[in-house]
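Here's the structure we're looking at; comments come further down.
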Amino acid sequence: MSVQKLKETILNKINRATEKALGQIPEHLELGFPPNTELGHFAVGCFPLAKQFRKSPAEIAKKISEKITPDDVIQEVNVSGPYLNISIFPDVLFGKFCSEIISENNKYGESSVGQGTRGMVEFLSPNTNKPLHLGHLRNGALGMSISKILEATGHWVVKANLINDRGVHICKSMLAWKRWGDGSTPESEGLKGDHFVGSWYVRFAQEADKNQTIEDDVQIMLQQWEAGDPETVKCWETMNNWVYDGFAETYKNFGLEFDVFYYESDTYKMGKDVVQKGLGKNVFSKDDHDNTVFHLPVAEFGQEKGGEAKKVTLLRPDDTSLYITQDIGASILKIEEHKLYFSIYVVGSEQEYHFKCLFQILSSIGYEWAKDCHHLSYGMVYLPEGKMKSREGKIVDADVLIAEMKKLAADEIRQRDPEGLLSDDEINHRAKKIGIGAIKFYLLRVRPTQSINFDPAESISFDGFTGPYCQYAYARIFGILAKAQDSAFNLQDCDFSLLGNAQELLLLQKLIQFPEEINNAVQGFNPSKIAVHIFNTAKAFNQFYNKHHVLRAENEKLVTARLALIKATAIVLKKGLNLLGIEVLENM
RNA sequence: GCGCCUGUAGCUCAGCUGGAUAGAGCAACGGACUUCUAAUCCGUAGGUCGCAGGUUCGAAUCCUGCCAGGCGUACCA
């Protein structure tokens with residue numbers, strides 16, 4: 001009997017009892033959990049039945065309970081006000097769930113609700129004029145996690161990175177390097193490529209403060225680039241390649257993976273012909289200044305003070321395109337090239353209006369898939385002094401943060417290894433997983449719409465509601481399982497009737513809830529659901545661990561049953577952390 | 001002005017498809033390592049759920065108004 005069947009069995013029993021007691025099958029009931037494990041293992045609130053049977057929920061609960069007879073699954077049913085609290089025989093309860101989790105292993109919690117539909121998650125989307133910062137890490141962590149969660153729920157995901165590699169800001173670092181760089185390279189300066197290029201972007205800003213005319217020079221440079229001037233294009237390629245080398249290193253360190261890269265230099269002209277076609281079909285029109293514009297539907301977007309519809313400009317009078325025009329082109333390209341059914345854009349909340357307009361325009365042009373485009377919007381990352389602004393140097397650099405967290409983790413590991421038994425390689429290996437795990441968990445543990453106030457002094461720690469806390473629980477379990485290897489247990493021989501104390505019940509409850517939380521996460525595009533649940537699972541394990549022994553339990557049968565329970569726990573912890581893009585460690 | 005987001009314990013946040021006494025973590029204080037890893041656990045203390053109405057048997061959760069903060073608001077990306 002599977003877990004799903006067990007739940008159905010319980011609900012069926014209640015349905016039949018309701019029919020006996022009140023003459024009708026209930027319209028809708030949900031199986032939940034009581035607030036504490038002493039009340040029972042599952043709970044059903046009778047509120048939804050009040051209308052159907054025109055009685056108070058408490059009265060209904062009482063009548064139903066009278067018609068439920070214990071059997072080989074249900075041990076007893078208690079009524080507490082409007083609730084039916086149901087207890088299951090421990091051997092069935094623990095037996096079913098532990099066996100199922102262990103046999104499904106890393107597939108536990110997955111579902112096929114996505115039915116194999118293919119979609120794209122576009123995230124990170126960096127500019128090639130400066131290194132990545134903390135905001136990019138939030139974006140990257142979200143993009144990776146939501147991709148994994150979509151895959152776990154039966155979707156086919158293409159991870160895309162649309163790189164903003166052209167434009168006046170890119171030309172700024174080019175101009176500064178050409179003028180003052182004196183042939184220097186990342187190698188000659190001993191810098192990561194993206195940091196090297198970023199330093200010239202900063203230099204440009206400094207020079208521009210002294211001398212406004214270079215702002216004009218950079219516009220000329222942009223024109224030369226657009227005209228395909230060989231020298232400018234060569235410089236652009238050289239510098240972008242330096243940046244890509246640097247980015248690749250950061251992607252690798254932080255665990256960011258992409259299936260496809262798009263470059264704005266390839267796509268920035270693409271929206272134009274779509275707009276011009278739409279102009280012919282009267283989807284778009286010309287305004288007084290000869291701009292090509294789109295009128296937003298008043299019902300959704302409201303109207304201007306004068307009463308006319310709001311509009312979006314798509315082409316300037318000289319037919320040059322704007323950001324949204326490019327995005328129209330890129331959106332269509334992505335869908336057609338990869339035969340997508342849905343398309344997700346992981347982009348900061350400051351662009352919500354942009355995407356609302358973009359999806360509306362695509363829909364108005366006639367693309368039905370526009371309804372399956374989703375902007376996964378997330379809040380800003382603030383520093384104590386305010387919003388991050390790279391031009392003012394108020395940023396947390398991604399590489400610096402990663403290195404710092406890794407170092408903090410390494411210090412912590414060394415403290416736990418006073419005799420120096422661990423090799424530098426091993427310390428490095430662990431420190432990386434722990435440091436990155438701490439950053440990712442910190443960025444993913446709150447819902448995306450929340451802005452994050454990043455206080456470098458105290459924001460990211462290894463204690464409490466953190467990634468390392470969850471990793472630690474896993475490592476503890478791994479330690480026990482490793483020691484138990486000699487007495488390898490067989491699921492068939494487990495006597496699960498021995499389990500059932502408060503800590504074991506709470507832990508099992510967390511394991512049971514896991515698949516549902518994955519579902520919640522995917523429906524709300526919200527990985528924090530998983531972060532919170534994995535923390536609660538780790539906490540439930542630590543509470544169990546501190547109160548009960550596994551290997552030194554009272555008797556051999558209890559040892560085996562508990563081994564099965566913690567093995568199932570390890571599976572859930574690992575799966576959950578992996579869905580957040582966090583790796584587990586076997587030793588900490 | 002308008003739109004979206006946010007407002008819950010000293011701080012950072014869960015809970016927000018209405019339901020059992022509002023939960024964590026951090027910080028504070030007090031405990032637990034001869035026992036499977038103390039990056040742990042237990043306890044104490046800490047809350048007019050921004051304010052005011054409304055809907056409901058029942059509201060942190062839904063509706064309306066207001067207050068405060070953030071972001072956005074057509075020819076930047």
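Chain letters run A, B, ... following the sequence lines, proteins first and then strands; every chain starts at 1.
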Filtered N/O pairs between nucleotides 67-70 of chain B and protein, under 3.5 Å:
unit_1	atom_1	unit_2	atom_2	d
G70(B)	O2'	Tyr382(A)	OH	2.3

Could you list, one pair per line, each protein nitrogen or oxygen that sits under 3.5 Å from a nitrogen or oxygen of nucleotides 29-36 of chain B, together with the distance?
unit_1	atom_1	unit_2	atom_2	d
U35(B)	O2'	Arg552(A)	NH1	3.1
U35(B)	O2	His549(A)	NE2	3.2
C36(B)	O3'	Lys483(A)	NZ	3.0
C36(B)	O2	Val550(A)	N	3.3
C36(B)	O2	Leu551(A)	N	2.9
C36(B)	N3	Val550(A)	N	2.9
C36(B)	N4	Tyr545(A)	O	2.7
C36(B)	N4	His548(A)	O	2.3

Return all side-chain donor-acceptor pairs below 3.5 angstrom for residues 31-48 of chain A, not counting sequence neighbours, or 'none' if the list is empty.
unit_1	atom_1	unit_2	atom_2	d
Asn36(A)	OD1	Glu38(A)	N	3.0
Asn36(A)	OD1	Leu39(A)	N	3.4
His41(A)	ND1	Ile88(A)	N	2.8
His41(A)	ND1	Ile88(A)	O	3.3

Under 4.0 Å, heavy atoms only, any strand: does [X] hit a base, just the sugar-phosphate, or nothing?
| X | answer |
| --- | --- |
| Glu304(A) | base |
| Asn587(A) | base |
| Tyr472(A) | base |
| Gln471(A) | nothing |
| Ile413(A) | base |
| Glu308(A) | nothing |
| Asn291(A) | base |
| Lys539(A) | sugar-phosphate |
| Leu315(A) | nothing |

Open item on the list: Can you confirm whether or not the ring centre of His354(A) sits under 6.0 Å from the ring centre of Tyr323(A)?
Closed with: yes
Task: Ring centers of Phe462(A), Tyr472(A) separated by less than 6.0 Å - done: no
Pull out every protein N or O sitting under 3.5 Å from an N or O of nucleotides 63-65 of chain B, one pair per line with the distance.
none

Would you find more than 12 non-hydrogen atoms of other residues, nucleotides or ligands less than 6.0 Å from [X] atom [atom1]?
| X | atom1 | answer |
| --- | --- | --- |
| Glu30(A) | CD | no |
| Lys574(A) | NZ | no |
| Lys310(A) | NZ | yes |

TODO: Could you check Ala538(A) against Pro317(A) and say which one's nearest nucleotide on RNA chain B is further toward the 5' end?
DONE: Ala538(A)
Task: Geometric cation-pi criterion, Arg476(A) with Tyr545(A): 6.0 Å, 45° - done: yes
- [ ] Please say whether the positively charged group of Lys130(A), taken as NZ for Lys or CZ for Arg, lies over the ring of Tyr201(A), i.e. under 6.0 angstrom from the six-membered ring centre and within 45 degrees of the axis.
- [x] yes
How many whole angstroms separate atom [atom1] of [X] from atom [atom2] of [N]?
| X | N | atom1 | atom2 | value |
| --- | --- | --- | --- | --- |
| Leu444(A) | A14(B) | CG | P | 13 Å |
| Asn453(A) | C11(B) | CG | P | 12 Å |
| Glu412(A) | A38(B) | CD | P | 14 Å |

Open item on the list: Is it the case that the side chains of Tyr345(A) and Ser331(A) hold a donor-acceptor pair, with the cut-off being a distance below 3.5 Å and no angle test?
Closed with: yes
Protein-nucleotides 18-20 of chain B N/O pairs closer than 3.5 Å?
unit_1	atom_1	unit_2	atom_2	d
G19(B)	O2'	Tyr83(A)	OH	2.3
A20(B)	N6	Asn85(A)	OD1	3.1
A20(B)	N1	Asn85(A)	OD1	3.2
A20(B)	N1	Asn85(A)	ND2	3.2

- [ ] Could you summarise the pairing of RNA chain B as dot-bracket text, marking Watson-Crick and G-U pairs under 3.5 Å with ( ) or [ ] inside the strand and | across strands?
- [x] (((((((..((((.....[...)))).(((((.......))))).....(((((..]....))))))))))))....
Task: Among C26(B), G7(B), A77(B), the one nearest Asp463(A) by side-chain distance - done: C26(B)
Open item on the list: Angle between ring planes, Phe535(A) versus Tyr469(A), binned at 30° and 60°: parallel, tilted or perpendicular?
Closed with: tilted
